[in-house]
J.: 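Input: one structure, supplied below.
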Amino acid sequence: MQLIDGKKISKEIRDELKAEVELLKKQGRQVCLAVIQVGKDTASSVYVNNKKKACAYIGIESAAYELEESTTEGEVLQLIDRLNQDNHVNGILVQLPLPGHIDEDKVIRAISPEKDVDGFHPVSVGRLWIGEKGFLSCTPAGIIQLLKRSGISIDGKECVIVGRSNIVGKPMAALLLRENGTVTIAHSHTKDLKEVTKRADILIVAIGKKQFITADYVKDGAVVIDVGMHRDENNKLCGDVAFDEVAEKTSAITPVPGGVGPMTIAMLMNNCVETARK
Ligand code: NAP
């Protein structure tokens with residue numbers, strides 16, 4: 001069984017990007033990411049900090065906009081409009097979730113698709129599905145890199161994704177299709193989930209339920225990618241997959257932590273650098 005090392009692969013990508021940013025700077029091209037956070041949600045602050053650190057490591061300038069919880073939707077939209085027009089800013093990221101009085105869809109749609117480094121704008125999503133160049137949603141793009149850089153071929157494989165969220169399941173399906181996988185998406189209405197997941201050569205799990213996928217959901221020799229992120233009864237990080245019992249049946253598997261998690265930021269950084277490659 002191969003343990004897919006997301007920490008190592010993410011570091012590899014960040015180092016490649018760092019070298020590329022140095023070259024871009026020599027050609028007079030800078031990369032600047034604007035990060036907007038509204039309110040002081042603890043988890044969001046951790047994510048924003050990690051993004052700032054990754055930017056600093058790679059040589060990307062980050063401009064942080066830490067706004068009060070009481071900031072109105074109009075004020076956020078005005079800021080985005082200003083950043084859309086600011087030539088110095090290449091990428092704009094709004095940390096989700098936003099406070100309840102702000103419409104997230106409206107905010108996502110306000111970001112210029114040319115600066116949409118999270119890949120959540122409907123234009124980015126459309127470009128992904130029709131195979132046009134555009135920003136890719138970071139977690140699924142990271143999973144493709146995990147597979148490729150671990151020497152796992154997707155072409156012609158039975159790929160099953162459990163979960164159909166806009167940030168993981170759906171873009172994951174589009175990316176696997178682009179890589180010539182045969183793709184099935186399962187969700188909470190899927191009948192006989194085990195029968196579906198057991199068909200998978202590559203099983204991608206994004207259910208959001210702690211250790212839900214046990215060994216009886218997995219075909220012998222399958223590759224299993226666990227997107228889930230939870231705390232177990234001992235407060236240790238764990239995923240949507242019951243790692244210990246599933247790992248022995250697989251040919252390759254991602255651990256939690258140290259699998260998919262570190263890839264999301266690496267791919268966000270890649271999207272930022274992409275703005276300067278154009
Ligand atoms: P989500 O929006 O809650 O979606 C969960 C999906 O799982 C839904 O499509 C749901 O089906 C499906 N589902 C729920 N129960 C099911 C069941 N019993 N059988 C089959 N399908 C079921 O979750 P998400 O945002 O995609 O995130 C999933 C997990 O990944 C979470 O643990 C999250 O924390 C983690 N995550 C990690 C990263 C990272 O960077 N590592 C990034 C994003 C998310 P319906 O659509 O029918 O309700």
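Counting convention: from 1, in listed order, for ligands and their atoms alike.
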J.: Quick one: which ligand 1 atoms are inside 4.0 Å of a heavy atom on T264?
T.: 39 (C), 40 (O)
J.: If we count only N and O atoms by modelled type, under 3.5 Å, do the side chains of E274 and N270 hold a donor and an acceptor together?
T.: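 There is no such pair between these side chains.
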J.: Nearest protein heavy atom to atom 15 (N) of ligand 1, by residue and atom, and its distance?
T.: K209 NZ, 3.1 Å
J.: Between R199 and E195, does at least one N-O distance fall below 4.0 Å, as a salt bridge requires?
T.: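 Yes, R199 and E195 are salt-bridged.
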J.: Does the N or O separation between M229 and ligand 1 drop below 3.5 Å for any pair?
T.: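 Such a contact does occur with ligand 1.
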J.: How close does the nearest protein non-hydrogen atom get to atom 44 (C) of ligand 1, and which residue and atom is it?
T.: V168 CG2, 4.0 Å
J.: Show me which atoms of ligand 1 lie under 4.0 Å from any heavy atom of I167.
T.: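 Per the distance check, 25 (O), 43 (C).
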J.: Tell me, please, which residues at least two apart from K148 pass side-chain hydrogen bond (donor to acceptor under 3.5 Å, both in side chains).
T.: E179
J.: Between K25 and E61, is the closest basic N to carboxylate O distance under 4.0 Å?
T.: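 Here E61 does not pair with K25 in a salt bridge, since their nearest N and O are not under 4.0 Å apart.
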J.: By number and element, which atoms of ligand 1 are closer than 4.0 Å to a non-hydrogen atom of G261?
T.: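 Here the atoms of ligand 1 in question are 41 (N).
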J.: I need the nearest protein heavy-atom contact for atom 42 (C) of ligand 1: residue, atom name and distance, please.
T.: T139 OG1, 3.4 Å
J.: Which residue supplies the protein heavy atom nearest to atom 37 (C) of ligand 1, what is that atom called, and how far is it?
T.: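 Answer, as residue, atom name and distance: V227 O, 3.1 Å.
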J.: Is any NZ, NE, NH1 or NH2 atom of the basic residue among K198 and D216 found under 4.0 Å from an Asp or Glu carboxylate oxygen of the other?
T.: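 The answer is no: the pair does not qualify as a salt bridge.
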J.: By number and element, which atoms of ligand 1 are closer than 4.0 Å to a non-hydrogen atom of F212?
T.: 18 (N)
J.: Could you tell me whether the side chains of D155 and S153 share a donor-acceptor contact shorter than 3.5 Å?
T.: no
J.: Decide whether the shortest distance between a heavy atom of A186 and an atom of ligand 1 is less than 4.0 Å.
T.: no
J.: What atoms of ligand 1 come within less than 4.0 Å of a heavy atom belonging to L193?
T.: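 So the atoms of ligand 1 that pass are 19 (N), 20 (C).
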J.: At under 4.0 Å between heavy atoms, is it the side chain or the backbone of M263 that contacts ligand 1, or both, or neither?
T.: neither
J.: Which option, G6, G208, C138, owns the non-hydrogen atom nearest atom 31 (C) of ligand 1?
T.: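 It is G208 that holds the nearest heavy atom.
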J.: What protein heavy atom sits nearest atom 46 (O) of ligand 1, and how far off is it?
T.: R164 NE, 2.8 Å
J.: Using a strict threshold of under 4.0 Å (side-chain N to carboxylate O), is an ion pair present between R127 and E114?
T.: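 Salt bridge present between E114 and R127.
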J.: Flag the pair E75 and R82 as a salt bridge only when some basic side-chain nitrogen lies within less than 4.0 angstrom of an acidic carboxylate oxygen.
T.: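 Salt bridge absent between E75 and R82.
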J.: Just to confirm my output: which protein heavy-atom neighbour is closest to atom 3 (O) of ligand 1, and how far is it?
T.: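 That would be I207 O, 4.4 Å.
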J.: Does any N or O of ligand 1 fall below 3.5 Å from an N or O anywhere on H189, backbone included?
T.: no
J.: Ignoring hydrogens and angles, state whether a donor on the side chain of D15 or Y57 is under 3.5 Å from an acceptor on the partner side chain.
T.: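 Per modelled atom types, D15 and Y57 side chains form a pair under 3.5 Å.
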J.: Can you name the atoms of ligand 1, numbered from 1 with element, that are less than 4.0 Å from a heavy atom of H230?
T.: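 Heavy-atom distances to H230 below 4.0 Å select 32 (O).
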J.: Strictly by modelled atom types, are Q37 and S45 linked by a side-chain donor-acceptor pair under 3.5 Å?
T.: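 Judged by distance alone, the side chains do pair up.
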J.: Check this for me: does any side-chain nitrogen of one of E69 and K40 sit under 4.0 Å from a carboxylate oxygen of the other?
T.: no
J.: Among protein heavy atoms, which sits nearest to atom 45 (P) of ligand 1, and what does the distance come to when rounded to 0.1 Å?
T.: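 Looking only at protein heavy atoms, the one closest to atom 45 (P) of ligand 1 is S188 OG, 3.4 Å.
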J.: Counting non-hydrogen protein atoms only, what is the nearest one to atom 26 (O) of ligand 1? Give residue, atom name and distance.
T.: S165 OG, 2.6 Å
J.: Quick one about T254 and D226 (side-chain donor to acceptor, distance below 3.5 Å, no hydrogens or angles considered), yes or no?
T.: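 D226 vs T254: no donor-acceptor pair found between side chains.
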